[in-house]
Amino acid sequence: MQTSRDLYRLSKGCFKTTLYEIRFLTLRSCSRASRFLEFQFRKAQTSLSSLSRCTNIASRRMSILALFMLRVRFAPSPTGFLHIGSARTFIFNWLYARRHGGTMILRIDDTDVERNTEASLQSIYEGLKWLELDWDEEYRQSNRLDLHRASAQQIFAQGLAYRDFTPAAAPAQSDGAWLANPGMRELSAAESDRRAAAGEKYVLRFRVPRESEGGEVAFQDLVYGPQSKTIADLEDFALLRSDGTPTYHLASCADDADLKITHVIRGQDHLSNTFKHLLIFDALGCTRPQFAHLPLLVAPDGAKLSKRRHGPVVSVTTYRDAGLLARAFINFIALLGWSPKDNREQLSRAELVESFSFEGVNRSNAVVNFTEEEPFDPKALWLNSQHMRSMPATDLACYVAQELAHDGIPVPFPDPWLVQAVDLLRARYITLKDFAQRGLPYFTDEVVMDATSLERLTSPARVGLGTLASRLAANPEFTDATVEAALRALAAELGLKPGVLINAARAALTGQAAGPSAFHLFTIIGRDRAISRLRAVAE
RNA sequence: GGCGCUAUCGUCUAACGGUUAGGACAGAGCCCUCUCAAGGCUUAAAUAGGGGUUCGAUUCCCCUUAGCGCUACCA
């Protein structure tokens with residue numbers, strides 16, 4: 001639960017950022033804002049109870065404003081499939097937005113025309129769709145180039161940027177310590193204008209204050225705490241490329257400002273970039289958003305996850321295709337770098353939303369534990385099995401039906417029998433794939449005998465199963481109880497240990513030595529099918 | 001190289017300076033049992049190294065080491 005201190009801290013930041021816009025709400029009527037908020041909250045399915053904790057009117061008022069003004073964004077660039085690291089960034093943004101009744105924005109950062117692909121964009125949508133996570137607004141950077149250029153112009157007009165006519169081909173000195181192009185930085189305005197007018201290509205660079213002029217850039221990271229850097233240590237980074245398109249830094253900041261983003265939640269790889277971004281926000285004259293950087297997801301060797309080095313395990317669709325439940329994946333990913341601090345491991349989406357806060361976010365990179373042989377982190381698999389076991393069987397049946405349909409296995413849906421079958425099987429399966437693979441004898445007529453099953457179908461057992469088949473056929477009543485009674489009675493008559501016949505029965509019905517209790521099995525397999533399978537192995 | 005960030009069991013993590021350093025996954029063992037699971041119980045396993053500060057450091061400070069990130073007209 002949120003403490004009023006959190007709320008206060010949060011509201012303080014947002015209050016500053018959006019002072020102008022919210023003036024109209026400022027409070028003649030707390031109750032009106034409150035009603036509005038309540039609506040927002042309902043939308044986000046969270047409760048209003050945290051508010052009642054703010055006793056003081058001023059903080060209560062600010063909380064209200066902050067809460068409904070909160071805006072976060074997920075800004076992927078469509079240059080590959082949806083990476084699990086990106087998915088995690090989305091998830092954390094989403095959790096934070098939903099936790100506080102804020103607005104979740106999807107912004108496609110596609111300023112790099114060279115590398116963007118439509119396929120990649122589709123892969124992002126596909127991944128997000130699987131996660132069953134939503135967003136409230138959507139933008140595409142390529143539609144906002146005018147804004148970016150205007151922002152660049154605004155910075156340039158203040159003398160905070162300069163034109164660099166150095167040809168792209170000439171690489172910056174490789175011996176490190178590159179900060180600025182002195183010749184270009186000091187170029188006179190007249191000379192700069194003349195060359196630009198003559199059509200000479202240039203890169204627009206930010207004029208980073210040097211030793212004599214600037215002190216430090218500092219900010220408070222919501223995860224990493226106080227951050228600061230000597231401004232003079234920053235290089236004169238590019239704002240506009242020589243073809244006039246904005247760089248990531250410019251486009252991102254201009255959009256964040258324009259979209260009134262209040263909290264930038266992103267990977268820790270942007271922590272150092274934040275200093276540049278702060279310079280841009282300041283140059284643009286807009287209020288800085290708050291920042292929360294997330295520790296990175298890395299491979300067991302400590303390297304950043306990459307498709308080239310680590311293969312398809314870094315793509316969210318791989319998890320989907322392996323039969324994981326979105327809820328388990330989200331649960332797993334959320335626990336990488338974040339902890340509810342109370343020893344809970346399995347959390348529902350609602351519990352995640354309810355307990356998420358930056359205080360629980362760790363600062364060191366998290367290893368996704370996979371190997372060549374075992375491509376999925378064992379914990380992800382375990383969480384999946386836990387979710388399969390604890391979710392309503394009808395819900396699981398829905399996913400199972402989809403999975404089976406995908407594999408071309410016809411199955412009635414919705415259907416009580418399916419629900420029962422799923423319920424019987426789920427305690428020993430760990431992914432949805434298991435239903436379509438190990439579950440074949442339950443959902444189709446295909447029975448493939450495994451070696452252990454064959455061993456259990458001893459000659460006396462086969463004789464017994466033959467008799468059992470006749471007896472079941474003779475008795476119109478067919479329930480778990482009648483089957484058990486018949487089986488045990490028969491075992492006694494034949495002088496066999498019940499287990500021998502029971503195990504043989506399972507082998508005959510499923511071809512599998514491992515599986516659910518034989519007595520629950522018969523009714524799920526069905527009377528006719530069961531009898532014919534018994535006869536097929538009978539002697 | 002410069003700058004920044006990080007450092008607890010194999011992995012994910014907990015421990016607002018005082019705990020027998022806790023939990024989970026994976027491992028081992030036991031119980032349960034018609035098989036396999038599930039479930040229950042038990043077990044092994046960690047504060048990177050060195051200095052401070054303190055009555056007392058996993059915790060605060062410094063150094064070393066290691067890892068990661070930024071250092072592009074990529075994002």
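Naming convention: chains lettered A, B, ... in sequence-line order (proteins, then strands); numbering from 1 in each chain.
- In this structure, A:Arg195 is positioned above the aromatic face of A:Phe165, its NZ or CZ under 6.0 Å from the six-membered ring centre and within 45° of the axis.
- Of the two residues contacting RNA chain B, namely A:Glu235 and A:Thr245, the nearest-nucleotide position lying further toward the 5' end is that of A:Glu235.
- Rounded to whole Å, atom P of B:U71 lies 13 Å from atom CG of A:Leu179.
- Residues satisfying the salt bridge (Lys or Arg N to Asp or Glu O under 4.0 Å) criterion with A:Arg428, sequence neighbours excluded, are absent altogether.
- Taking atom CG of A:Leu335 as the reference point, atom P of B:G23 lies 16 Å away to the nearest angstrom.
- Using a 30° and 60° split on the angle between ring planes, A:Phe356 and A:Trp338 fall in the tilted class, from 30° to 60°.
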Across nucleotides 42-49 of chain B, 5' to 3', mark each nucleotide with B, S or - according to how protein heavy atoms within less than 4.0 Å reach it.
--------
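- Heavy atoms of A:Lys497 sit nowhere under 4.0 angstrom from any nucleic acid atom.
- Taking atom CG on A:Leu279 and atom C1' on B:U71, their separation rounds to 15 Å, with Å as the unit.
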Under 3.5 Å, which N/O atoms of the protein pair with N/O atoms of nucleotides 4-8 of chain B?
unit_1, atom_1, unit_2, atom_2, d
B:C5, O2', A:Gln268, NE2, 3.1

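- Under the Watson-Crick or G-U wobble criterion, with both distances below 3.5 Å, B:U33 has no partner in any strand shown.
- With respect to the salt-bridge test (charged N to carboxylate O, under 4.0 angstrom), the residues A:Arg309 and A:Asp301 qualify.
- For A:Asp269, the salt bridge (Lys or Arg N to Asp or Glu O under 4.0 Å) partners are A:Lys304, not counting sequence neighbours.
- No contact: A:Thr79 has no heavy atom under 4.0 Å from any strand.
- Base pairing analysis places B:A38 opposite nothing; no Watson-Crick or G-U wobble pair with both distances below 3.5 Å involves it.
- No engagement by A:His293 is indicated, since no non-hydrogen atom pair under 4.0 Å with the nucleic acid exists.
- Paired with A:Arg73 under the rule salt bridge (Lys or Arg N to Asp or Glu O under 4.0 Å), one option of A:Asp109, A:Asp258, A:Asp256 passes, and it is A:Asp256.
- The side-chain hydrogen bond (donor to acceptor under 3.5 Å, both in side chains) test applied to A:Arg462 returns no partner, not counting sequence neighbours.
- A straight line from CG of A:Asp423 to P of B:A38 spans 16 Å, rounded to a whole angstrom.
- Base pairing analysis places B:A21 opposite nothing; no Watson-Crick or G-U wobble pair with both distances below 3.5 Å involves it.
- Between A:Asp269 and A:Asp110, the residue anchored nearer the 5' end of RNA chain B, judged by the nucleotide with its closest heavy atom, is A:Asp269.
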Name each donor-acceptor pair under 3.5 Å that joins a side chain in residues 373-380 of chain A to protein atoms two or more places apart or in another chain, with its distance.
unit_1, atom_1, unit_2, atom_2, d
A:Asp377, OD1, A:Lys379, N, 2.9
A:Asp377, OD2, A:Asn369, N, 2.9
A:Lys379, NZ, A:Glu345, OE1, 3.2

Provide a list of protein-nucleic acid N or O atom pairs under 3.5 angstrom, restricted to nucleotides 25-28 of chain B.
unit_1, atom_1, unit_2, atom_2, d
B:C25, O2', A:Lys379, N, 3.4

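- A straight line from CG of A:Leu383 to P of B:A38 spans 14 Å, rounded to a whole angstrom.
- Within 4.0 Å of A:Glu484, counting heavy atoms only, lies no atom of the nucleic acid at all.
- Of all nucleotides present, only B:G4 satisfies the Watson-Crick or G-U wobble test against B:C68, with each distance under 3.5 Å.
- Evaluated for a salt bridge (Lys or Arg N to Asp or Glu O under 4.0 Å) with A:Asp236, the options A:Arg185, A:Arg207, A:Arg205 yield exactly one hit, A:Arg185.
- In this structure, CD1 on A:Ile124 lies 5.0 Å from CD1 on A:Ile108, to the nearest 0.5 angstrom.
- For the salt bridge (Lys or Arg N to Asp or Glu O under 4.0 Å) test, no residue two or more places apart in sequence or in another chain qualifies with A:Lys201.
- Heavy atoms of A:Val367 sit under 4.0 angstrom from primed sugar atoms or phosphate atoms, though from no base atom.
- For A:Phe435 and A:Tyr442, the ring centers are positioned 6.0 Å apart or more.
- Residue pairs meeting the side-chain hydrogen bond (donor to acceptor under 3.5 Å, both in side chains) criterion with at least one partner in residues 489-514 of chain A, sequence neighbours excluded, are A:Arg471-A:Glu493, A:Asn503-A:Arg506.
- Nucleotide B:A26 is matched to nothing when pairs are restricted to Watson-Crick or G-U wobble geometry with both distances under 3.5 angstrom.
- The CG-C1' distance, from A:Asp164 to B:C73, rounds to 9 Å in whole Å.
- Rounded to an integer number of Å, the gap from A:Leu240 CG to B:A72 P is 18 Å.
- The nucleotide B:A14 finds no pairing partner, because no Watson-Crick or G-U wobble arrangement with both distances shorter than 3.5 Å includes it.
- The nearest whole Å value for the distance from the CZ atom in A:Phe237 to the C1' atom in B:C3 is 15 Å.
- The side chain of A:Lys201 contributes no N or O atom lying less than 4.0 Å from OP1 or OP2 of B:C73.
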Sub-3.5 Å pairs of nitrogen or oxygen atoms, protein against nucleotides 34-37 of chain B:
unit_1, atom_1, unit_2, atom_2, d
B:C34, O2', A:Asn503, OD1, 2.6
B:C34, O2', A:Asn503, ND2, 3.0
B:C34, O2, A:Arg506, NH2, 3.4
B:C34, N3, A:Ser517, OG, 3.4
B:C34, N4, A:Ser517, OG, 2.4
B:U35, O4', A:Asn503, OD1, 3.2
B:U35, O2', A:Arg456, NH1, 3.3
B:U35, O2', A:Arg456, NH2, 3.4
B:U35, O2', A:Ala513, O, 3.3
B:U35, N1, A:Arg506, NH2, 2.9
B:U35, O2, A:Arg506, NE, 3.3
B:U35, O2, A:Ala513, O, 3.0
B:U35, O2, A:Gly515, N, 2.9
B:U35, O2, A:Gly515, O, 3.3
B:U35, N3, A:Arg506, NH1, 3.2
B:U35, N3, A:Gly515, O, 2.5
B:U35, O4, A:Gly515, O, 3.4
B:U35, O4, A:Ser517, N, 3.2
B:C36, O2, A:Arg428, NH1, 2.8
B:C36, O2, A:Gly515, O, 3.4
B:C36, N3, A:Arg428, NH1, 2.5
B:A37, O2', A:Ala427, O, 2.9

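- Rounded to the nearest Å, the gap between the P atom of B:C36 and that of B:C30 is 13 Å.
- Qualifying salt bridge (Lys or Arg N to Asp or Glu O under 4.0 Å) partners for A:Glu138, counting only residues two or more places apart in sequence or in other chains: none.
- Using a 4.0 Å heavy-atom cutoff across all strands shown, A:Gly337 reaches sugar-phosphate atoms only and no base atom.
- Judged by the 6.0 Å distance and 45° axis criteria, A:Arg107 is not positioned over the aromatic ring of A:Tyr139.
- Spacing of C1' atoms, B:G29 relative to B:A48, comes out at 32 Å, to the nearest Å.
- Partners of A:Asp233 under the side-chain hydrogen bond (donor to acceptor under 3.5 Å, both in side chains) rule, at least two apart in sequence or in another chain, do not exist in this structure.
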